[in-house]
Visitor: 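Handing you a structure now.
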Number of protein chains: 2
Amino acid sequence: MNKYPNQTRFLIAIDCIIFGFDGENLKLLLIHRALVPEKNKWSLMGGFVQPDESTDAAAGRILKQLTGLEGVYMDQLRAFGNPSRDPIERVVSIVYSALIDIRKYKEQLSDEYQPEWFLLKDMPQLIFDHEEMVRAALKDLRYKAALHPVLFELLPEKFTLPQLQALYTGVYDAEFDKRNFSRKVLSTGLLIKQKEKDKENSKKGAFYYVIDKSKYKDKFHSFLNFVPNPDNFLF
Amino acid sequence: MNKYPNQTRFLIAIDCIIFGFDGENLKLLLIHRALVPEKNKWSLMGGFVQPDESTDAAAGRILKQLTGLEGVYMDQLRAFGNPSRDPIERVVSIVYSALIDIRKYKEQLSDEYQPEWFLLKDMPQLIFDHEEMVRAALKDLRYKAALHPVLFELLPEKFTLPQLQALYTGVYDAEFDKRNFSRKVLSTGLLIKQKEKDKENSKKGAFYYVIDKSKYKDKFHSFLNFVPNPDNFLF
DNA sequence: TCAAAAGTGTTCGGACTACACCCATGA
DNA sequence: TCATGGGTGTAGTCCGAACACTTTTGA
């Protein structure tokens, strides 16, 4: 097995940053850590990479373990390789971040880990370097979302413009002008207006939209500039 | 040492993608691989992470081993974790990419590894998944350089606008209008015009510029839009 | 004097910003 | 009828794109 002699081998963990949107707020899914040390403290969902398992597959497995979800949007952020990041033993962690629609999936949340959704501003202290991971993931999400329609991954099949705007508001912790916002997102041609309205959140009701999937795939990598003056929000 | 029981440990490699600019062309530094398998084939410079060494430090060490350089701009790209990526034994590789000024440093290149600079379009076949790594790094570089003044890291202390433009041309494999280009880079306020000219590359001579270091640090993260219609070049 | 590269200015159109009022409805 | 949130339009400005000629100087 060990064909490269005289080299040290390391544990490799996956940690998952799971962003969710419930139609009103951007949230982060955390668990009570089951292992010592720091047992019962809040933590990202994680696990060790297994033999013959790709890191991407490990991330998918770990996400599924917690949420029951497969086929979710998930991207590798980067590896965290500080030798003292886990006080027990050296572990290099590869961090993935996922975007999920809370309402669609909340029933499937396993509670073996006592998971809980937190508003970013109410995030508790996390173990190890997990807070740094979250900060990096949020920055990365803001970066991507300023240019590409990633946030659409967090939405239910049908959603309204006010919901979409609430999502952007949550991600950037900033208000956007609704006239400019709707003009901009509609100008992408990615949204198809539905006949029905969502009447739950207002008396007048807001029209539902769905994503035009084919255009979404085509334009995903285009520079769409969803966020005015991104400088103000990113750093 | 092994405090987390029953978990598999893995080799972790660092691979370095080293971009360089010689005043005319963007190039990539490759080595002849010293180890079997694929001995003597072209490869990225790499090595294994050592105990008690952070992955960032390992990347710095490996870069220095090859180039003699320290304090170079270097960023982690991401981890490559496919279990079959190295046919000998499973190795998870964390890829870093560095930007260096070829002329400033070429004397320091160790030739233990028989390193050679290649134009991107003349890149030979590489071992394992190294070509995928290079593609990903180039994409990442194009992405960053479209928005931030990263490419300035590749330049010598004094450089001319035609050189800078040649660099962008190399990175994007595309021509830019020199009037718009110079207006755009000068409008950032990051460049300070010098009195002297570079007369090596033309009869008339081109004015040298230097970076305004303090403004450079301030504005590094701003969205500067160096590249017109980035959609056209990125994907 | 001529070839080769450097340097510079203008016009046009589209995009972004700021801003305020009317609409539909359920209570 | 009124309070609440949804939806829309415009004017001014700025920025990006396209485009061509003059300058310098060494050979």
Side-chain angles (χ1 to χ4, degrees), chain A residues 23-25 146-147 155 158-170 172 174-209 219 222-234, chain B residues 23-25 145-147 155 158-169 172 174-209 219 222-234:
Chain A
E24 291 180 20
N25 291 110
L147 298 169
L155 296 167
K158 297 189 307 185
F159 55 90
T160 67
L161 289 183
Q163 285 175 341
L164 183 59
Q165 189 172 343
L167 174 53
Y168 275 83
T169 300
Y172 293 97
E175 298 298 328
F176 300 99
D177 181 275
K178 66 179 169 178
R179 289 160 290 193
N180 294 335
F181 181 82
S182 82
R183 188 161 351 99
K184 197 175 273 188
V185 298
L186 293 176
S187 76
T188 62
L190 263 36
L191 269 46
I192 303 169
K193 192 174 189 170
Q194 304 300 104
K195 293 234 153 48
E196 324 96 82
K197 284 180 163 187
D198 161 37
K199 312 269 290 191
E200 292 198 8
N201 297 300
S202 74
K203 296 164 181 168
K204 182 176 178 182
F207 281 104
Y208 282 118
Y209 287 81
K219 291 206 179 176
S222 302
F223 274 38
L224 295 172
N225 281 314
F226 285 103
V227 176
N229 300 319
D231 288 8
N232 300 341
F233 305 118
L234 290 176
Chain B
E24 292 179 20
N25 292 109
L147 299 168
L155 296 167
K158 296 190 304 185
F159 56 89
T160 66
L161 289 184
Q163 283 174 342
L164 184 59
Q165 188 171 346
L167 173 53
Y168 275 83
T169 300
Y172 292 97
E175 297 299 328
F176 299 99
D177 181 276
K178 68 178 168 178
R179 288 161 290 189
N180 294 334
F181 182 83
S182 82
R183 188 161 353 97
K184 196 174 277 187
V185 297
L186 293 176
S187 75
T188 63
L190 297 171
L191 301 186
I192 303 169
K193 192 173 187 169
Q194 303 301 105
K195 294 234 152 49
E196 325 96 82
K197 284 181 162 187
D198 162 38
K199 313 269 290 190
E200 292 198 8
N201 296 299
S202 74
K203 295 164 182 169
K204 183 177 178 182
F207 282 104
Y208 281 118
Y209 288 80
K219 292 206 179 178
S222 302
F223 273 38
L224 295 172
N225 280 314
F226 286 103
V227 175
N229 299 319
D231 288 9
N232 300 341
F233 305 119
L234 289 175

Visitor: If you take all heavy atoms of B/Ser182 and B/Leu161, which pair is closest and at what distance?
Guide: CB-CD1, 3.8 Å
Visitor: B/Phe181: which residues meet the ring-ring contact (aromatic ring centres under 6.0 Å, His included) condition with it, sequence neighbours left out?
Guide: B/Tyr168
Visitor: Answer whether the closest heavy-atom distance between the side chains of A/Leu191 and A/Phe159 falls below 4.5 Å.
Guide: yes
Visitor: Is the cationic atom of A/Lys197 (NZ for Lys, CZ for Arg) positioned less than 6.0 Å from the six-membered ring centroid of A/Phe207 and within 45 degrees of its normal?
Guide: yes
Visitor: Could you tell me from which nucleotide to which nucleotide of DNA chain D, 5' to 3', there is an atom under 4.0 Å from chain B heavy atoms?
Guide: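 Terminal contacting nucleotides, 5' to 3': D/dA17 to D/dG26.
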Visitor: Locate the shortest heavy-atom distance separating B/Thr169 from B/Glu175; write the atom from each residue and the value.
Guide: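 In this case the closest contact between B/Thr169 and B/Glu175 is CG2-OE2, 3.6 Å.
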Visitor: Determine whether any donor atom in the side chain of A/Arg179 lies under 3.5 Å from an acceptor atom in the base of C/dA18, or the reverse, and answer yes or no.
Guide: no
Visitor: Would you say A/Tyr209's side chain and A/Leu186's backbone share a donor-acceptor pair under 3.5 angstrom?
Guide: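 No: the side chain of A/Tyr209 does not pair with the backbone of A/Leu186.
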Visitor: In whole angstroms, how far is the C1' atom of C/dC19 from the NZ atom of A/Lys178?
Guide: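 Taking atom C1' of C/dC19 as the reference, NZ of A/Lys178 is at 13 Å.
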Visitor: How close do A/Lys204 and A/Lys199 get, counting heavy atoms only, and between which atoms?
Guide: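 Taking A/Lys204 first and A/Lys199 second, the nearest heavy atoms are O-NZ, 3.8 Å.
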Visitor: Take B/Leu147 and B/Leu224 through the test side chain to side chain contact (heavy atoms under 4.5 Å, CB included) and record every step on the way to the result.
Guide: CA-CA 5 Å; B/Leu147 299 168; B/Leu224 295 172; over 6 Å; no
Visitor: Separation of B/Glu24 atom CD from C/dA5 atom P, in whole Å?
Guide: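 Going from CD in B/Glu24 over to P in C/dA5 covers 11 Å.
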Visitor: Without decimals, in angstroms, what is the distance between A/Phe181 CZ and C/dA15 C1'?
Guide: 17 Å
Visitor: Hey, can you pull the residues of residues 185-204 of chain B with a non-hydrogen atom under 4.0 angstrom from DNA chain C?
Guide: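 Nucleic-acid contacts, sorted: B/Lys193, B/Asn201, B/Ser202, B/Lys203, B/Lys204.
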Visitor: Which one, C/dG9, C/dC16, C/dT8, comes nearest to the side chain of A/Asn225?
Guide: C/dC16
Visitor: Can you tell me how far P of C/dG7 sits from CG of B/Leu164, to the nearest Å?
Guide: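 Those two atoms, CG and P, are 12 Å apart.
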Visitor: Can you tell me the distance, in whole Å, between the OH atom of B/Tyr208 and the C1' atom of C/dG7?
Guide: 17 Å
Visitor: Using heavy-atom distances to pick each residue's nearest nucleotide on DNA chain D, tell me which of A/Gln163 and A/Asn180 is more 5'.
Guide: A/Gln163
Visitor: What is the distance, rounded to the nearest whole Å, between atom CG of B/Asp177 and atom P of C/dG7?
Guide: 14 Å
Visitor: Measure the distance from CD on B/Gln165 to P on C/dG7 and round it to the nearest whole Å.
Guide: 11 Å
Visitor: To the nearest 0.5 Å, how far apart are CG in A/Asn201 and CD in A/Glu24?
Guide: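 Answer rounded to 0.5 Å: 6.5 Å.
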